[in-house]
There are 2 protein chains.
Amino acid sequence: MVDAHLRGSGALVAPGTASMSDVAKRAGVALGTVSNVLNRPSIVAPTTRAKVLAAIDELGFVRNNLARSLANGRADTLGFVIVDIGNFLFVDIARGAQEASADAGMKLLLANSDVNFESQNDYLDWFDEARVGGVLLAPLDGPLDAAQRVRSHGRPVVTVNWPGEEGQSCGVTVDEEHGGFIAASHLLERGRTRLLFAGGPLSLHAVAERLAGARRAVAEWGNGATLEVAETERLTIRSGRELGAEIAARRASDRPSGIVSAADALAAGCVQALMASNVRVPEDVAIIGYDNNHFAADSIIPISTVGQPGHEMGRIAAGLLLEEMAGGEHEHRTVILAPELFERASTALPDFR
Amino acid sequence: MVDAHLRGSGALVAPGTASMSDVAKRAGVALGTVSNVLNRPSIVAPTTRAKVLAAIDELGFVRNNLARSLANGRADTLGFVIVDIGNFLFVDIARGAQEASADAGMKLLLANSDVNFESQNDYLDWFDEARVGGVLLAPLDGPLDAAQRVRSHGRPVVTVNWPGEEGQSCGVTVDEEHGGFIAASHLLERGRTRLLFAGGPLSLHAVAERLAGARRAVAEWGNGATLEVAETERLTIRSGRELGAEIAARRASDRPSGIVSAADALAAGCVQALMASNVRVPEDVAIIGYDNNHFAADSIIPISTVGQPGHEMGRIAAGLLLEEMAGGEHEHRTVILAPELFERASTALPDFR
DNA sequence: TTGGCGTATTGAAGCGCTTCAACGAACAAG
DNA sequence: CTTGTTCGTTGAAGCGCTTCAATACGCCAA
């Protein structure tokens, strides 16, 4: 081995392979002094410090974080297991979490489970074995025993977009029911009382909650307001187009005056199909989406929407995790954030009849 | 310390804190045997193995990967520094890279540099210190000295969407010029000879290359084909709308019969503005985008586009990295992939005049 | 000259693992 | 009963770092 030879000769060391003791030798100081230069430079005499830094430079020394963390038992890393890196909400959350981590001097490592339960567990275990300080998890629907396992090893896990377990862990979620309520209320306030809720499958927790919120809004409004439910197969543009075409085909008097859609893509498809059939948005039918995606802002008619504060969710989740890691007083809790209304042209107030 | 006490007592160990020697003691075997059970179970006698596994279970032992990697000098992890986790191309690349890594039994960790040069370097250094096996980098335009530094430490770095340095490193890129050529040729073959190239700023490497390709296509086609260049400020829907409005306002005879757009968002905006002014797509103006984004497929008129094989880019890049890590024969090279044409309605062959 | 004190430096112990030479037991062949 | 093999197991050495008690070195006051 070339490395071994060089190392053995004591003269040269392969680049990136120099250890602290190599540096110490080169600088003519003790191992501990090198460590001090790296970690507590202020307690080292300036001349000594300079010698050590020079040696580090000459040898191209790179501190070995494995050994470092192993020796001091501390970690400067957080892990984030993301269910779907292709989903903007999670990307936003990741950005927020990263920001908060950086503020605390921590690095955030992402692992994409790609909507795969097994992969999610693998990465969870991997972070556990890698001895990260804590783990953020944006999970798939489903049992979270792997998360529980990691927790039982003394490593905190905070869930995002999923509630914490009562008294066991922290979580950050959005009040989906409230989002549905906001969306429907927005339309009701604009005089749209024949509402239609579009979205599905209803087995999706978030969709069901949004529907419940819309129902509550209509019920509280009273005044003859109605809510028709059109369950779609998926939350896609395509599903939206189909629904839009169906609505456009109705007699004008049978059409809803407002549509609450459980997703922006769905709403965008709807708008496309309606406009293609000369049903005007928002004059004939107002429509509001959900998620504040690109779809919403970039549609032909900019679509009003209800958005989750992804960035804030990430910040808060990371904050909870850091708090839990710090030890001391910590009460497990789930922070529930309010979704926000984004008003755009698709629910503008024209002179509707 | 509670931990210390429990550990000292030799009876109990705090959960997740058990070490291999605790397991060995509990199972009544030697340390090395526990290691064998974990790493080479087949050479351990079944009864011994069972005892050890039982002890592992009872103690909730979690292998410490820091110590493991430190001791054997190997890493089971790759790092991927992504310039923008919000960009679908990079997400696709990440997916491909993850797939290839998993096939090789490696974990892929993502770090989002968020289009920030400093952050990119930080993560690069962090992966270096963490002793990952190798690093994938989808970089920002700009000097790559941090990458070079990591390489000089003997840790391979492969760039994606950026060429490798001649004889120094590997890279995977897409032939942007060819993409522009394909796009323009596609329109020319459909009888559109008055072409317009939309995109900007031209200082963006990719945009300039795509334009060059379109120019070459027009030149090679001859036959009186022309190419007008409309430089836009950005590659957004909004820029597209402005351009579309401008084109719609022209006399029909002054309009291009085909538009080559440097981005799907731009093309989508264009289509929206044109259709709003009753210019028909593709009858009056055919249009082709670039990037194979959502925008393209989900526009009112599905837009033809040229797409980069992101997934394949990721797979190949990870493959190159793994090859380089394996040592042995390895020739640094840059793999240039061909972009692909996606035909959709916006360039369909109607009976144009 | 001696004692005392603060500052700078030292180096051994230990973090939890892998590796590997060495050992022991069991068994077949001579 | 010996010798040789094979198979399973052992435990010390070492990975590169942090930590901390111990020491060395001034330097000033007594």
Side-chain angles (χ1 to χ4, degrees), chain A residues 1 3-4 7-8 13-14 16-52 55-56 59-76 128-131 153-154, chain B residues 1 3-4 7-8 13-14 16-52 55-56 59-76 128-131 153-154:
Chain A
M1 286 321 272
D3 284 10
R7 183 174 275 275
V13 174
T17 301
S19 70
M20 273 180 42
S21 75
D22 293 324
V23 172
K25 221 167 292 170
R26 174 90 170 212
V29 300
L31 187 57
T33 301
V34 178
S35 177
N36 284 335
V37 170
L38 257 26
N39 300 310
R40 288 171 296 278
S42 64
I43 72 161
V44 175
T47 38
T48 314
R49 203 190 309 152
K51 271 192 301 186
V52 171
I56 286 177
L59 296 176
F61 166 76
V62 180
R63 167 201 254 150
N64 186 329
N65 239 326
L66 298 177
R68 180 173 153 87
S69 296
L70 176 61
N72 71 9
R74 274 191 285 281
D76 63 344
D128 198 10
E129 291 181 0
R131 297 297 197 268
H153 299 153
Chain B
M1 289 312 281
D3 284 11
R7 184 174 275 276
V13 174
T17 302
S19 70
M20 271 179 44
S21 74
D22 293 324
V23 172
K25 221 167 293 169
R26 175 90 172 211
V29 300
L31 188 56
T33 300
V34 177
S35 177
N36 284 336
V37 169
L38 257 26
N39 301 310
R40 287 171 297 277
S42 64
I43 72 162
V44 176
T47 39
T48 313
R49 202 191 308 153
K51 271 192 300 184
V52 172
I56 286 178
L59 297 175
F61 165 78
V62 180
R63 168 201 253 149
N64 186 329
N65 238 327
L66 298 175
R68 181 173 152 86
S69 297
L70 176 60
N72 72 8
R74 275 192 284 281
D76 63 343
D128 198 9
E129 291 181 0
R131 297 297 198 269
H153 298 154

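Just so we're clear, the structure is a prediction, and the values are computed from it rather than from any experiment. We name chains A, B, ... by the order of the sequence lines, and we start the count at 1 in each one.
Each of B:Leu66 and B:Gly32 lies near DNA chain C, and the nucleotide nearest B:Leu66 is the one positioned closer to the 5' end. Residue-to-nucleotide proximity on DNA chain C shows that, of B:Arg40 and B:Leu70, the 5′-proximal contact is made by B:Leu70.
Of the candidates D:dT18, C:dT10, D:dG8, C:dT10 carries the atom nearest the A:Asn36 side chain, counting heavy atoms from C-beta on. Side-chain proximity of B:Leu31 to the nucleotides D:dT18, C:dC17, D:dG16 is greatest for C:dC17. The listed nucleotides are D:dG8, C:dT9, D:dC17; the one nearest the side chain of A:Met20 is D:dC17. Of the candidate nucleotides D:dG16, C:dT10, C:dA8, C:dT10 has the atom lying nearest to any side-chain atom of A:Val29. Closest to the A:Ala71 side chain, of the nucleotides D:dC17, C:dT9, C:dT18, is D:dC17.
Using modelled atom types, one finds a donor on one side chain and an acceptor on the other under 3.5 Å when comparing B:Asp22 with B:Ser19.
Across all strands, A:Ser69 comes closer than 4.0 Å to no nucleic acid atom at all (heavy-atom distances). B:Arg74 comes within 4.0 angstrom of the backbone, heavy atoms only, and of no base. Note on A:Asn39: only backbone sugar-phosphate atoms sit closer than 4.0 angstrom, heavy atoms only; bases stay farther off. Contacts of B:Gly73 with the nucleic acid, taken as non-hydrogen atoms under 4.0 Å apart, are absent.
Closest heavy-atom contact between B:Val52 and B:Ala27: CA-CB, 4.0 Å.
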